Amino acid sequence: MQGIFIRASEFPRQFGHLSQTGRAVFVTHHGRETHALLPIAEYNEFVATTKSDEQHAAVSDQDLADWLPLMLVVADDSGTIVMANRTAHAMARKADKSLPGCGLFEALPALRETMFQSYFNRTARTGEPCLFELPALFGADTWHRVETFRVGQGTALLARDVTEETKAFRLADSKKTLIEAMLAHGGIGHIWINVRGRIAEINPAMSELLQLPRERLNNIPVADLVPISRRVTLRETIEDVLSHGTTRRFEAEFLRNDGTTVDTVGAIKDLRGIYGSEGAVMVVTRK
């Protein structure tokens with residue numbers, strides 16, 4: 001059934017008649033539709049349909065939580081889990097939807113008697129958010145970054161696996177410590193070789209061994225630092241390390257600025273970054 005169109009100026013006088021037609025009435029002003037008058041049955045149907053669409057389109061807190069690639073658990077003030085996402089169930093190796101209703105420390109015993117308890121209690125008591133890292137949360141050789149914060153239902157625990165990051169950081173820290181120890185030793189020569197087999201950096205101990213300032217050695221082929229008769233062997237060793245990512249030990253005579261040679265023993269290891277080879281590192285000591 002088509003609607004009725006009426007000018008705004010005529011609407012008041014004809015309202016009684018229009019309300020009895022059972023049809024939609026469109027009020028116009030200067031030729032433009034400005035209002036619509038619907039029979040109450042059609043209006044109620046429209047409202048009911050709109051609410052139904054909104055309910056189907058709405059996303060629940062649980063749906064959003066399940067999309068997170070992080071572990072999310074919410075416990076009430078008594079310590080009972082009221083919500084846990086799919087990642088939490090997977091990390092805890094629990095059946096889906098089995099965690100709500102369980103005690104937090106009964107469901108996740110690895111959290112018991114760790115610093116998590118004090119942080120969790122502090123957040124629950126004061127509302128202060130806390131961020132910290134925990135070892136062995138889900139496995140003996142794992143690390144997780146954990147955050148606690150207050151939400152409407154209680155206190156939330158958010159955790160993600162940072163095992164690889166932690167290992168990489170510790171490895172990098174070990175390498176830094178080793179280099180600092182080598183520098184403090186003073187008798188270990190160190191050369192950073194670029195991907196073309198040339199010197200990118202050299203430490204004071206190696207500069208002293210060669211009796212040459214470091215700036216004069218920059219970008220010089222490493223193989224040029226040994227007698228001609230030994231260059232082919234050293235060049236092949238360096239190329240093997242750069243090409244295949246190996247570690248090679250070698251013995252060589254290095255030429256000094258005064259024309260003499262010094263017998264040395266050393267090793268070369270490729271320097272590999274996230275995008276591939278970045279050259280190699282050579283360490284040298286007197287034989």
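Along the sequence shown, residues carry numbers from 1. Remember, predicted model here, so these are calculated numbers, not experimental data. Below, all heavy atoms of this structure are taken into account, side chains as well, without hydrogens, waters or symmetry copies.
With sequence neighbours left out, the salt bridge (Lys or Arg N to Asp or Glu O under 4.0 Å) criterion links D96 to no other residue. With sequence neighbours excluded, no residue forms a salt bridge (Lys or Arg N to Asp or Glu O under 4.0 Å) with E42. Annotation: side-chain hydrogen bond (donor to acceptor under 3.5 Å, both in side chains) contacts of Q117 (sequence neighbours excluded): none. Shown here are the salt bridge (Lys or Arg N to Asp or Glu O under 4.0 Å) partners of D258, two or more places apart in sequence or in another chain: there are none. Every residue two or more places apart in sequence or in another chain that forms a side chain to side chain contact (heavy atoms under 4.5 Å, CB included) with A110 is listed here: L137. Every residue meeting the side-chain hydrogen bond (donor to acceptor under 3.5 Å, both in side chains) condition with D270, not counting sequence neighbours, appears here in chain and number order: R272. Under the salt bridge (Lys or Arg N to Asp or Glu O under 4.0 Å) criterion, E251 pairs with R249, K287, sequence neighbours left out.
The ring pair (Phe, Tyr, Trp, His ring centres under 6.0 Å) analysis of residues 181-203, with sequence neighbours excluded, yields no pairs. Residue pairs satisfying the salt bridge (Lys or Arg N to Asp or Glu O under 4.0 Å) criterion with at least one member in residues 108-124, sequence neighbours excluded, are listed as follows: E106-R112, R122-E128. The stretch residues 223-244 participates, sequence neighbours left out, in these salt bridge (Lys or Arg N to Asp or Glu O under 4.0 Å) pairs: D240-R248. Listed by first and then second residue, the ring pair (Phe, Tyr, Trp, His ring centres under 6.0 Å) pairs that reach into residues 126-162 are Y119-F132, F138-H144, sequence neighbours excluded.
Side-chain heavy-atom separations under 4.5 angstrom define the hydrophobic clusters, and the remaining members of the one that includes F15 are I4, I6, F11, L18, V25, V27, L37.
In summary, the side chains of R214 and S207 do not present any donor paired with an acceptor at a separation below 3.5 Å, with no hydrogens or angles considered.
The residue from L234, V284, L217 that alone fulfils the side chain to side chain contact (heavy atoms under 4.5 Å, CB included) condition with L225 is L217.
A chain of hydrophobic side-chain contacts below 4.5 Å, direct or via other Ile, Leu, Val, Met, Phe, Trp or Tyr residues, connects F254 to L212.
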